Amino acid sequence: MPELPEVETVKRGLETLVLGKTIESIEILWPRIIENDTSEFQTILHQQTIESISRRGKFLIFHLTNSDLISHLRMEGKYEFHAKTDEIKKHTHVIFQFSDQTQLRYLDVRKFGRMKVVEKGQALLQKNLASLGPEPTKEEFDLKVFTQQLKKKQKAIKPLLLDQKLVVGLGNIYVDEVLWQAKIHPLQLANTISKTKVIALHQAIIDTLNRAVQAGGTTIRSYVDATGHTGAFQQQLNVYAQTNQPCPRCGSIISKMKVAGRGTHYCPVCQKEV
DNA sequence: AATACTACCTGCGTGC
DNA sequence: TGCACGCAGGTAGTAT
């Protein structure tokens, strides 16, 4: 479920709940979630304290006493904070027992999420994190570099923005939103987008993700943050999940098509393929 | 090298 | 009521 704004919101919630907590033990109910050997994962993390939490793209990183714990929620992962005595809900796969009788639990209906413990300070060097593009901020996300990279790509813009190499953080909701904002058709080849629209797209990416973080993310079906709160950005969506609704800009009916295997919402009038 | 397809999972809504 | 099928905030591994 989560894209950058949701992961950032989860991170902020976790900071209010688990900073300073020491891991006493770990229960692993679905081992495939853990990329390490499970007993190694349990042994390494035993007695480590959560010192800080960061985010890179859609990855969460728990910085512990002697290790980094990388966590990706993929489609449906979520964290819940519980008392030890609380009932274990369905789809609970990993339970971190802290020294103070509280627990951090990882739940994931589709079991796509992954966790991996690595040496302290090494999280960003793992190959999946090392290959990520810049964060979508005006400081990190450079328009000139972005423009140059788009020029080299004979590929539809939507799947290009989804692959986290040119910029991180966009998923299926926000990619549809930023393409609508910049008036670009999802199938437009990257190397054919006009200079004006590249500038608009760059700005839309920074702006949309920022506003979505402010709103605490988007809840369409199941997303809640670590404190159990839904997001509010669904109220600001212009095209995603707006099939057959009027385009907020021109009043035309929003269409839905399939692009690179993903449901894709767009305005057939504002977003012409050129 | 770059692009496209598939696997990984469960649950829900739709149509027969 | 039951069952098949398509669909769902993502990525990584494999094939072309």
Side-chain angles (χ1 to χ4, degrees), chain A residues 1-11 29-35 55-60 70-79 89-94 106-116 126-133 136 149-180 186-187 189-191 205 208-209 211-213 215-226 229-243 256-265:
Chain A
M1 40 170 178
E3 305 177 39
L4 183 148
E6 293 74 36
V7 178
E8 177 62 25
T9 305
V10 168
K11 186 209 121 179
L29 292 83
W30 187 264
R32 295 197 60 163
I33 301 284
I34 311 296
E35 293 187 347
R55 179 193 56 71
R56 175 76 175 97
K58 303 176 194 172
F59 291 84
L60 282 168
I70 302 167
S71 169
H72 199 299
L73 308 174
R74 296 280 180 93
M75 294 288 261
E76 299 264 358
K78 45 174 77 80
Y79 281 102
K89 293 185 195 169
K90 195 173 180 183
H91 305 125
T92 300
H93 304 313
V94 183
Y106 178 76
L107 296 87
D108 190 339
V109 170
R110 296 177 71 181
K111 301 174 173 168
F112 286 173
R114 293 292 179 265
M115 286 180 205
K116 185 183 186 182
Q126 305 304 303
K127 79 169 184 307
N128 51 355
L129 281 95
S131 64
L132 293 174
Q149 292 178 122
L150 291 182
K151 269 188 195 148
K152 292 187 296 191
K153 299 286 183 181
Q154 175 88 6
K155 183 176 173 178
I157 187 66
K158 173 160 174 169
L160 191 58
L161 292 176
L162 284 175
D163 88 4
Q164 313 297 301
K165 298 281 190 288
L166 300 195
V167 62
V168 295
L170 297 169
N172 207 37
I173 296 178
Y174 300 111
V175 75
D176 283 1
E177 292 297 312
V178 302
L179 290 174
W180 177 85
L187 289 174
L189 296 183
N191 58 358
I205 291 168
T208 302
L209 291 174
R211 286 188 297 114
V213 169
T218 301
T219 299
I220 298 289
R221 308 176 1 256
S222 63
Y223 165 73
V224 289
D225 70 15
H229 297 292
T230 62
F233 195 74
Q234 59 278 13
Q235 293 160 23
Q236 297 183 56
L237 295 175
N238 291 302
V239 282
Y240 187 88
Q242 309 302 309
T243 312
K256 186 172 181 183
M257 67 188 293
K258 199 139 209 170
V259 175
R262 314 295 303 273
T264 298
H265 315 71

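Any value given below was found using the heavy atoms of this structure, including those in side chains, with hydrogens, waters and symmetry copies removed. Predicted, not measured: the structure shown is a model, and the values here were computed from it. Order of the sequence lines sets the chain letters (A, B, ...), proteins ahead of strands, with each chain counted from 1.
- Here B/dA1 presents its C1' atom at 15 Å from CD of A/Gln149, a figure rounded to the nearest Å.
- When the P atom is compared between B/dC9 and C/dC3, the two are found 24 Å apart, to the nearest whole Å.
- A straight line from CG of A/Leu107 to P of B/dC9 spans 17 Å, rounded to a whole angstrom.
- At least one side-chain heavy atom of A/Thr218 sits under 4.5 Å from a side-chain heavy atom of A/Leu237.
- Residues A/Tyr79 and A/Ser71 approach most closely at OH-OG, 2.7 Å, considering heavy atoms.
- If you measure from atom CG of A/Leu4 to atom C1' of C/dT11, you get 16 Å, rounded to the nearest angstrom.
- No contact: A/Gly113 has no heavy atom under 4.0 Å from any strand.
- The CG-C1' distance, from A/Leu73 to C/dT11, rounds to 13 Å in whole Å.
- With rounding to whole Å, A/Asp108 atom CG is found 11 Å from B/dC9 atom P.
- In this structure, A/Met257 places its CE atom 13 Å from P of C/dC7, rounding to the nearest Å.
- The structure places CD of A/Gln154 at 4.5 Å from CG of A/Asn191, a figure rounded to the nearest 0.5 Å.
- Between the side chains of A/Glu6 and A/Tyr174, at least one donor N or O lies within less than 3.5 Å of an accepting N or O.
- Applying the salt bridge (Lys or Arg N to Asp or Glu O under 4.0 Å) criterion to A/Lys158, with sequence neighbours excluded, gives A/Asp176.
- Nucleic acid contact class of A/Arg114 (heavy atoms, under 4.0 Å, all strands): none.
- Between A/Leu132 atom CG and C/dG10 atom C1' the separation is 13 Å, expressed in whole Å.
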Distances for protein N or O near nucleotides 12-16 of chain C N or O, under 3.5 Å:
from, atom 1, to, atom 2, distance (Å)
C/dA12, OP1, A/Asn128, ND2, 2.9

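- For the pair A/Leu129/A/Phe59, a side-chain contact is recorded, criterion being any heavy-atom separation below 4.5 Å from C-beta on.
- For the segment residues 152-165 of chain A, the set of residues with a heavy atom within less than 4.0 Å of an atom of DNA chain B comprises A/Lys153, A/Gln154, A/Lys155, in numerical order.
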Atom pairs, N/O to N/O, protein against nucleotides 10-15 of chain B, distance under 3.5 Å?
from, atom 1, to, atom 2, distance (Å)
B/dT10, OP1, A/Lys111, NZ, 3.0
B/dT10, O4', A/Val109, O, 3.3
B/dT10, O3', A/His91, NE2, 3.4
B/dG11, OP1, A/Lys90, NZ, 3.0
B/dG11, OP1, A/His91, NE2, 3.1

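- In this structure, CG on A/Asp163 lies 10.0 Å from CG on A/Leu132, to the nearest 0.5 angstrom.
- Between A/Val224 and A/Lys78 the shortest side-chain heavy-atom distance falls below 4.5 Å.
- Considering only side-chain atoms of A/Lys258, the nucleotide from C/dG10, B/dC9, C/dA8 that sits closest is C/dA8.
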Problem - Criterion side-chain contact (heavy atoms from CB on, under 4.5 Å) on A/His72 and A/Leu60, from CA distance to verdict - result: CA-CA 6 Å; A/His72 199 299; A/Leu60 282 168; over 6 Å; no
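- A distance cut-off of 5.5 Å between ring centres, combined with a plane angle under 30°, leaves A/Phe112 outside any stacking arrangement with the base of B/dC9.
- Between A/Gln236 and A/Arg211 there is a side-chain heavy-atom pair separated by less than 4.5 Å.
- The A/Arg32 side chain lies nearest to B/dC8 when the options are C/dG10, B/dC8, C/dC7.
- Atoms CG and CG, from A/Leu161 and A/Leu150 in turn, are 7.5 Å apart once rounded to the nearest 0.5 Å.
- With rounding to whole Å, A/Tyr174 atom OH is found 15 Å from C/dG10 atom C1'.
- In DNA chain B, runs of at least 3 stacked Watson-Crick or G-U pairs (N1-N3 plus N6-O4 or O6-N4, or N1-O2 plus O6-N3, all under 3.5 Å) give these stems: B:2-8 with C:10-16, B:10-16 with C:2-8.
- Interatomic distance, A/Ile34 CD1 to A/Arg114 CZ, rounded to the nearest 0.5 Å: 9.5 Å.
- For the atom pair NE2 (A/His265) and CD (A/Gln242), the distance works out to 8.0 Å, reported to the nearest 0.5 Å.
- Evaluation of the side chain to side chain contact (heavy atoms under 4.5 Å, CB included) rule for A/Lys116 yields A/Glu35, A/Asn36, A/Val118, A/Gln126 as partners, not counting sequence neighbours.
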